[in-house]
Amino acid sequence: TISSTPHFVIFPFMSQGHTIPLLYLSRILSDRHISVTIITTPASYSSIRASVKNDSISVIDIPFPDNIAGVPPGVEVTDKLPSMSAFISFVEATEKLQPAFEEVVRSLPPVTCIISDGFLMWTQDSADKLGIPRLVFYGINNFSMTMCNIMAQFKPHAAVGSDYEPFPIPNFPRIKLTVNDFEPPFSELDPKGPALDFLIKQQVAMAKSHGLVVNSFYELEPEFNDYWNQNYAPKAWCVGPLCVAKPPAPKQAVKKPKWIQWLDAKLRANEPVLYVSFGSQAEASLEQLNEVAVGLERSNVSFMWVIKSKLLHLIGEGFKERVKGRGIVVAEWVDQVEILNHEIVQGFLSHCGWNSMLESMCAGVAVVAMPMMAEQHLNARMVVEEIGMGLRVWARGKVARGIVGAEEVEKVVVELMEGEGGRRVRKRVKEVKKSAYDAMKEGGSSWRSLDSLIEHICG
Ligand code: BUP
């Protein structure tokens, strides 16, 4: 018997930045009367279960086979992405989940559609075998997604002789790119190796899928969404920013975390705060963290720096003492959306992970862009040059992958929090915030786009 309610299986990649937006999408689908089953691995099970508990969404975990191949010695064996250095081997290890994944999907009530992360490319093969359409979740914007595809397929940067020379891409809207806008493998003039092979495999799988679910909205980057849809397939559907679907914090007075209490005190003192975080994956060097610390110390602005606990020891006790009263360092997992939406937070020094950028615009908070890896350099160009909601720090000599000096951090942070440039981008980000919410509300562009995507799948 075929049930009349559509049933979507959602399979996120096992890292925070890839899982969080798909949990929001699951809620949105559930609100649209689609029944949702999330599939994950045991390490993520309880946090996913807890965050969707009120939404009648099922969660199923499938264990990794005992030995995960390729995890380097010294890295804790886990079925979550252990660290960026293990990325390729981890992605390959996920292929071992394929038989269990297929068994689970077969055991469920009839599945209308599988939405899985682009990194889990083998799920395309499963979908083909099971005769179920697959949509690929792309956690990045249209601009970065298009660029990564072009770089892998056509290597346009082979036409230039230096890292600073813009290379030609036929009909590509406006932004002129140089090799310096990329990380390996595309920072090599002749990219090759496992990272490139991985990207190409991902694209081959994507080309067989029924569509791309993009966490962005049309009004934010119309030319780039049009460029993709006119030149590439399958169709890219903009259904974001998904963070708008984050459930509101509980009304009952649960005790506020100490960092929120600290922000409350800053609000009472009317001292605007810069929020500083480089995300859950980026691994800044000791040298870079020191430059940031000195820059923040000299800037004299109030700040909250959320740092991964394993890096905490790199920041000396002396620093925390010297900035006492003005800045705090938090080495815990925080609710970033809650912090960004706190009235007193007026700037975000960020690594430009795309979720962070969307969350910042939805909170109306301007950014200081300090990209570190993956497609973050492209995101930085997007938010600073195209959207105009932030200022950028550059490494000394503007070299890619160089160290951003303390003097640069100090200068740009002060400009964002107190200067004319800061006033300009703060005004702009408020406008962007409005269009983001408009896109997500009933009848808005992302709302309609999701509607037609559901229609396209369910017929
Ligand atoms: Br750290 C941290 N709390 O303490 P990005 C992050 N986040 O809620 P990244 C917290 O993780 P990938 C914390 O709000 C965002 O939704 C944050 O995603 C949340 O960067 C997410 O910004 C981080 O895309 O992720 O961590 O580099 O590389 O996996 O895209």
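Start at 1 and go down the list; that is how both ligands and their atoms are numbered.
With 3.5 Å as the limit, one finds a donor-acceptor pair spanning the side chains of Ser144 and Asn379. A donor-acceptor contact under 3.5 angstrom links the side chains of Trp122 and Thr94, judged on distance only. Of the N and O atoms on the side chains of Asp226 and Tyr218, at least one donor lies less than 3.5 Å from an acceptor on the other residue. With 3.5 Å as the limit, one finds a donor-acceptor pair spanning the side chains of Asp117 and His18. Side chains of Gln346 and Tyr275: a donor-acceptor N/O pair is absent below 3.5 angstrom, by distance only.
On a distance-only criterion, Gln16 and ligand 1 share no N/O pair closer than 3.5 Å. The shortest N or O to N or O distance between Asp335 and ligand 1 is not below 3.5 Å. The shortest N or O to N or O distance between His351 and ligand 1 is below 3.5 Å.
Nearest protein neighbour of atom 16 (O) of ligand 1, counting heavy atoms only, is Glu359 OE2, 2.6 Å. Among all non-hydrogen protein atoms, the one lying nearest atom 18 (O) of ligand 1 is Asn355 ND2, 3.3 Å. Scanning all protein heavy atoms for the shortest distance to atom 3 (N) of ligand 1 gives Val334 O, 2.7 Å. Protein heavy atom closest to atom 25 (O) of ligand 1, with residue, atom name and distance, is Gly17 CA, 3.6 Å. Looking at atom 22 (O) of ligand 1, its nearest protein heavy atom turns out to be Ser356 OG, 2.5 Å. For atom 2 (C) of ligand 1, the closest heavy atom belonging to the protein is Trp333 CZ3, 3.3 Å. Considering only non-hydrogen protein atoms, atom 28 (O) of ligand 1 sits nearest to Gln281 CG, 3.6 Å.
Which parts of ligand 1 touch Gly353 is read off a 4.0 Å heavy-atom cut-off, strictly below it: atoms 5 (P), 20 (O), 22 (O), 24 (O). Near Gly279, meaning under 4.0 Å from one of its heavy atoms, ligand 1 places the atoms 1 (Br), 26 (O). Shown in contact with Trp354 at under 4.0 Å from a heavy atom are these atoms of ligand 1, numbered in order with element: 24 (O).
Using a 4.0 angstrom heavy-atom cutoff, Lys308 does not count as in contact with ligand 1. Distances from ligand 1 to the non-hydrogen atoms of Gly139 include no value under 4.0 Å.
Ring geometry, Tyr232 versus Tyr227: the interplanar angle falls from 30° to 60°, so the pair is classed tilted.
In summary, Arg174 and Glu223 engage in a salt bridge, as defined by a charged side-chain N under 4.0 Å from a carboxylate O. Ion pairing of Asp451 with Arg32 is present here, as a side-chain N (NZ or NE/NH1/NH2) and a carboxylate O approach within less than 4.0 Å.
At least one donor-acceptor pair closer than 3.5 Å links the side chain of Glu291 to the backbone N or O of Ala406.
Of all the heavy atoms of Ile20, the ones lying under 4.0 Å from any atom of ligand 1 belong exclusively to the side chain. Contacts between Ser15 and ligand 1 below 4.0 angstrom, taking non-hydrogen atoms only, involve the side chain exclusively.
A search for ring pair (Phe, Tyr, Trp, His ring centres under 6.0 Å) contacts involving Phe143 returns Phe224, not counting sequence neighbours.
Contact check for Val306 versus Trp259: no side-chain heavy atoms found under the 4.5 Å cut-off.
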